[in-house]
Number of protein chains: 2
Amino acid sequence: MKKIIEKLKEKNIKITPQRIAIIEFLMSTKSHPSAEDIYKEISKKYPSMSYATVYNTLITLKNLGEVVELAIDSDKKRFDIDTSLHHHFYCTRCKRVYDLSKNFIIEAISTIDGHNVERTFLNFTGICNKCLKEEKDEQDRKKS
Amino acid sequence: MKKIIEKLKEKNIKITPQRIAIIEFLMSTKSHPSAEDIYKEISKKYPSMSYATVYNTLITLKNLGEVVELAIDSDKKRFDIDTSLHHHFYCTRCKRVYDLSKNFIIEAISTIDGHNVERTFLNFTGICNKCLKEEKDEQDRKKS
DNA sequence: GTTCGTGCAAATCTTTTGCAGTTTC
DNA sequence: GAAACTGCAAAAGATTTGCACGAAC
């Protein structure tokens, strides 16, 4: 919490009650909430809260590296303020997202923590070799 | 291709030119296209093609287990007709989705196939232990 | 001929944007 | 007081739905 506030100050990003409420809510839950979940929860205390502010804050925190946007629920974005290395399990029935530890058996498995795993996706996100090459070519061109 | 057609016939799902075009396109590409990509490609040959038909067909094929809906691009759904066990790499810059083989080193890694991996998500999808328990409780109640 | 599918348009849902007024520092 | 933020409403993008007409079997 303090660490995030410090980071906001460093970057000249203003500390508003809405932002604090969103950060506090994210830190209080392991539910990997969607923007809507966050909006509804915060609205209880701040009836004037708007979606614009929720999305605004989430994008700000994501850009700071203090929130991770999860692509596990294909219907909507889900957010996690725990940016440490860990993985997720998504229930296709209730849409809950569970944390998985870094240390799990990485074979084709039929059971994790008692869940019935139907399908395993190992997804990696980053900059691809095509983009890296284009970027390098671009730099080389500028040099010469 | 034939296998899918057979499956459609079995289930009394009609074989239409649009559906064939969509299946053929999906089989011809490794780009993991979105509904829009599919719509645009098929529209070249079938100018009357509609999004409704694209989504319709994708849902049908997904329900048959012949297409997988990928939750890796958090902006939109991406589809893969290769339902064999494999994983994906998503480029945050160009939005390409690459196939990864089942056999890759599963440690914290900084390079896969020359891509610069920023973040690793290991996502598992299925029915969670809460839902399984509810289902079991439900069944037990019916029995007694 | 019956059943199912297509295509259009409208609707819905999620997310983004423009902007006037307000708050933070 | 300047810069940044909020909240509203409108817009945009993705997906779904209702329904009249048409195609597949």
Side-chain angles (χ1 to χ4, degrees), chain A residues 4-23 25 32-64 67-79 95 97, chain B residues 4-23 25 32-64 66-79 92 95 97:
Chain A
I4 298 181
I5 303 288
E6 286 310 313
K7 210 161 180 175
L8 291 172
K9 282 185 186 169
E10 268 176 36
K11 307 267 181 180
N12 283 325
I13 297 169
K14 298 207 156 52
I15 319 293
T16 65
Q18 294 90 335
R19 284 187 173 152
I20 291 176
I22 291 171
I23 294 168
F25 173 55
H32 308 81
S34 65
E36 186 188 8
D37 297 333
I38 296 166
Y39 171 77
K40 287 190 175 158
E41 182 61 29
I42 310 285
S43 291
K44 294 180 190 166
K45 288 186 185 170
Y46 291 86
S48 71
M49 171 68 52
S50 74
Y51 273 102
T53 299
V54 171
Y55 280 108
N56 231 345
T57 297
L58 288 171
I59 290 167
T60 300
L61 292 171
K62 180 185 159 193
N63 289 340
L64 284 177
V67 154
V68 178
E69 183 185 290
L70 305 183
I72 191 168
D73 177 344
S74 65
D75 289 332
K76 56 175 79 163
K77 292 173 180 167
R78 307 277 293 249
F79 298 89
K95 319 291 189 195
V97 174
Chain B
I4 298 181
I5 303 288
E6 287 310 313
K7 211 161 180 175
L8 291 170
K9 283 185 186 167
E10 269 176 37
K11 307 268 180 177
N12 283 325
I13 297 170
K14 298 202 158 51
I15 320 291
T16 66
Q18 293 89 335
R19 283 185 175 155
I20 291 176
I22 291 170
I23 294 168
F25 173 55
H32 309 80
S34 64
E36 186 188 8
D37 297 333
I38 296 167
Y39 170 76
K40 286 190 173 159
E41 182 61 30
I42 311 286
S43 291
K44 293 180 190 167
K45 288 186 186 171
Y46 292 85
S48 71
M49 170 70 51
S50 74
Y51 273 102
T53 299
V54 171
Y55 281 108
N56 232 345
T57 298
L58 288 171
I59 291 166
T60 301
L61 292 172
K62 180 186 158 192
N63 289 341
L64 284 178
E66 294 299 332
V67 153
V68 178
E69 183 185 290
L70 304 183
I72 190 169
D73 177 344
S74 65
D75 289 332
K76 55 174 79 163
K77 292 173 179 167
R78 307 278 294 249
F79 298 89
T92 52
K95 320 291 190 195
V97 173

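Below, read A as the first sequence line, B as the second, and so on, with proteins coming before strands; counting in each chain starts at 1.
The minimum heavy-atom distance between B/A35 and B/F79, with the atom names listed, is N-CE1, 4.1 Å. In this structure, B/A21 and B/I42 approach most closely via the heavy-atom pair O-CD1, 3.3 Å. Nearest heavy atom pair, residue A/M49 against residue A/Y39, reads O-CE1, 3.1 Å. Residue A/H32 comes nearest to A/R78 through the heavy atom pair O-NE, 2.6 Å, listed as atom of the first residue, atom of the second, then distance. Nearest heavy-atom pair, A/I15 versus A/L8, reported as atom, atom and distance to 0.1 Å: CD1-CB, 3.7 Å.
Between D/dA4 and A/R19, no contact under 4.0 Å exists linking OP1 or OP2 to a side-chain N or O.
Side-chain atoms of B/K62 never come within 3.5 Å of backbone atoms of B/E69 as a donor-acceptor pair (strictly under, hydrogens ignored). Not a single donor-acceptor pair under 3.5 Å links the side chain of A/N56 to the backbone N or O of A/T53. For B/K76 (side chain) and B/S34 (main-chain N/O), no donor-acceptor pair under 3.5 Å exists by modelled atom type.
Other residues, nucleotides and ligands contribute only 12 or fewer heavy atoms inside 6.0 Å of the NZ atom of B/K40.
Atom C1' of nucleotide D/dC5 and atom NZ of A/K11 are separated by 19 Å, given to the nearest angstrom.
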(request) Summarise protein proximity over nucleotides 12-25 of chain D in one line of letters, 5' to 3': B for base, S for sugar-phosphate only, - for none, counting protein heavy atoms closer than 4.0 Å. (result) --SBBB------BS
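At a non-hydrogen distance threshold of 4.0 Å, A/S48, A/M49 from residues 42-49 of chain A come into contact with DNA chain D.
The side chain to side chain contact (heavy atoms under 4.5 Å, CB included) test with B/T60 singles out one residue from B/E66, B/R19, B/K11, and that residue is B/R19.
Bracketed by its first and final contacts, the part of DNA chain C lying under 4.0 Å from non-hydrogen atoms of chain B reaches from C/dT3 to C/dC8 in 5' to 3' order.
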